[in-house]
Amino acid sequence: MSHTLENTNRIITLDEFIIRRQNDFEYSTGELTALLRDIGVAAKIINREVNKAGLVNILGMDGAQNTSGDVVQKLDIYANQKLIECLQNSGECAGIGSEELDEFVELPRLAHKTPHYVVVFDPLDGSSNIDVNVSVGTIFGIYRRISDPSGGITAEDFLQKGSNLVAAGYVLYGTSTLLVYTTGNGVNGFTLDPSIGEFCLSHRDIKMPKSGLFYSVNQGYYLKFDVEMRRYIDHCSDMNYGLRYIGSMVSDIHRILFQGGIFLYPNTRKYPRGKLRLLYECAPLAFVVEQAGGRAISLGRNRIMEIEPKSMHQNITIAIGSPDTVTEMEQFLEKYAVRPV
Ligand code: AFP
């Protein structure tokens with residue numbers, strides 16, 4: 001009698017997984033597959049540099065400010081460059097929009113290629129934490145372009161609602177390096193095995209808890225929040241919910257994804273429209289969280305995925321996390337009835 005040996009524990013690399021899932025895409029020509037692989041390569045290079053940040057003279061402020069008024073650090077610029085370079089590898093990316101750049105950038109065309117996609121990213125979110133060895137992340141989103149692929153890209157290719165995203169994800173450079181992404185068919189996570197230099201499938205079909213006992217908000221701004229938000233935060237405290245705030249959105253959302261709860265960045269007096277960017281941070285992470293069973297809304301109570309960006313660097317308020325916990329927060333806002341943007 002013959003036996004077929006099946007190794008259920010065998011390693012599945014990110015590349016293999018992406019190729020296997022290629023047929024899930026609406027336009028399955030291999031273009032999106034190639035783009036995801038380009039992002040995976042960039043993530044490995046950025047990871048290498050983040051890991052040796054304390055050793056080389058790449059750490060520290062560059063002194064410049066980005067369009068959102070944040071201080072830009074050298075590693076942000078490095079990560080930005082590497083993503084742009086890697087996204088040119090396959091020739092499938094028509095252009096990019098980056099949190100670090102004022103305007104979108106058209107990428108040079110490779111011969112015989114007609115790129116159908118644009119990529120938006122925050123190359124190194126939470127970078128003010130690098131000096132103190134705290135986890136940072138890369139956030140990305142991929143849109144199918146609206147403009148005629150035979151011509152140049154336009155702002156409309158980028159100013160699309162999150163519900164048009166064809167893929168999105170993040171890379172967390174933490175105690176281990178993890179790449180989490182979705183193409184609209186669930187969420188999967190891959191841990192970088194440094195010994196073989198590959199992202200390996202480690203978290204299959206991630207589903208977040210329906211509710212959670214953690215809330216994540218910069219409570220230092222408590223007095224700058226609207227009264228409804230203060231009431232909700234008082235409620236979290238009354239209920240003995242645990243406060244966890246790293247100040248690095250990818251890390252904070254990653255915790256919520258696995259342990260449940262809510263992440264909030266409300267409007268403050270300093271940021272009346274919220275601080276976080278719709279295009280580079282909120283929409284891609286909303287796609288991931290919704291695919292894992294969660295919810296993501298603005299504090300104007302609109303689904304983040306349905307908000308059409310008016311500009312590349314638009315800021316937005318956000319409440320994102322476990323569905324029941326976000327709904328509970330929403331009920332507080334409704335009860336005390338204020339509608340910020
Ligand atoms: P940096 O990239 O400047 O560190 O900003 C990080 C961030 O965009 C996001 O990752 C955090 O959740 C948020 O800002 C922290 O903002 P506060 O310092 O105002 O709480």
Side-chain angles (χ1 to χ4, degrees), residues 8-22 24-25 32-33 35-48 50-51 79 83 119 121-126 134-142 162 165-210 212 214 216 244 246 248-261 263 281-296 320-323:
T8 47
N9 290 324
R10 92 175 176 81
I11 288 171
I12 299 175
T13 65
L14 175 65
D15 281 0
E16 182 186 345
F17 188 86
I18 293 171
I19 290 166
R20 277 201 204 175
R21 290 284 179 107
Q22 186 172 315
D24 289 353
F25 309 140
L32 192 54
T33 303
L35 275 176
L36 287 166
R37 293 174 73 175
D38 290 345
I39 291 170
V41 173
K44 285 187 214 170
I45 299 172
I46 296 168
N47 176 65
R48 185 190 63 201
V50 166
N51 278 336
L83 270 159
V119 181
F121 51 80
D122 183 348
L124 213 56
D125 185 64
V134 169
S135 305
V136 290
T138 296
I139 307 169
F140 63 90
I142 304 178
L165 280 163
V166 290
Y170 63 82
V171 186
L172 175 60
Y173 310 100
T175 40
S176 55
T177 298
L178 207 75
L179 189 151
V180 173
Y181 84 97
T182 182
T183 54
N185 276 308
V187 182
N188 291 284
F190 300 80
T191 302
L192 182 64
D193 180 342
S195 65
I196 57 170
E198 293 282 1
F199 281 105
C200 302
L201 181 61
S202 50
H203 301 76
R204 197 188 277 270
D205 198 16
I206 299 165
K207 291 287 172 230
M208 70 189 305
K210 278 179 78 63
F214 290 112
S216 185
R244 299 284 186 277
I246 298 168
S248 171
M249 190 187 188
V250 171
S251 317
D252 282 316
I253 301 251
H254 185 72
R255 177 200 303 280
I256 300 288
L257 192 64
F258 283 87
Q259 299 185 336
F263 173 90
E281 294 167 307
C282 298
L285 292 175
F287 191 22
V288 171
V289 164
E290 284 196 359
Q291 281 294 313
R295 286 190 71 200
I320 183 169
S322 295

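Along the sequence shown, residues carry numbers from 1.
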Just do the side-chain hydrogen bond (donor to acceptor under 3.5 Å, both in side chains) check on S195 and D193 with the steps written out, would you?
-> CA-CA 5 Å; S195 65; D193 180 342; 2.6 Å; yes
Within-4.5 Å side-chain heavy-atom neighbours: [X] and [Y]:
X    : Y    : value
I246 : R244 : no
T177 : V50  : no
H203 : T191 : yes
R37  : I19  : yes
L36  : F140 : yes
R204 : I12  : yes
F258 : I206 : yes
L285 : M249 : yes

Around K207, counting heavy atoms of other residues, nucleotides and ligands shown, do more than 12 lie under 6.0 Å from its NZ?
->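 More than 12 within 6.0 Å, yes.
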Parallel, tilted or perpendicular: rings of F190 and Y181 (30°, 60°) | parallel
Can you tell me how far apart [atom1] ([X]) and [atom2] ([Y]) are? Round to the nearest 0.5 Å.
X    : Y    : atom1 : atom2 : answer
F17  : L179 : CZ    : CG    : 11.5 Å
T13  : R20  : OG1   : CZ    : 9.0 Å
M208 : I320 : CE    : CD1   : 7.5 Å
F263 : I256 : CZ    : CD1   : 8.5 Å
Q291 : N188 : CD    : CG    : 10.5 Å
L201 : L14  : CG    : CG    : 9.0 Å

Among I139, V180, D122, find the one that has a side-chain contact (heavy atoms from CB on, under 4.5 Å) with V250.
-> I139
Residue that, paired with T138, satisfies side-chain contact (heavy atoms from CB on, under 4.5 Å) out of D125, N47, V171, I39 =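 Running side-chain contact (heavy atoms from CB on, under 4.5 Å) over D125, N47, V171, I39 with T138 returns exactly one hit, V171.
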Heavy-atom pair of closest approach, residues [X] and [Y]:
X    : Y    : answer
G260 : S322 : CA-OG, 3.2 Å
S248 : G126 : OG-CA, 4.1 Å
L257 : A292 : CD1-CB, 3.6 Å
A286 : A296 : CB-CB, 3.5 Å
L83  : A42  : CD2-CB, 3.7 Å

Between [X] and [Y] (side chain of the first, backbone of the second, donor and acceptor by atom type, cut-off under 3.5 Å), is there such a pair?
X    : Y    : answer
T182 : V288 : no
T183 : A167 : no
E290 : R295 : no
K44  : G197 : yes
S135 : S251 : no

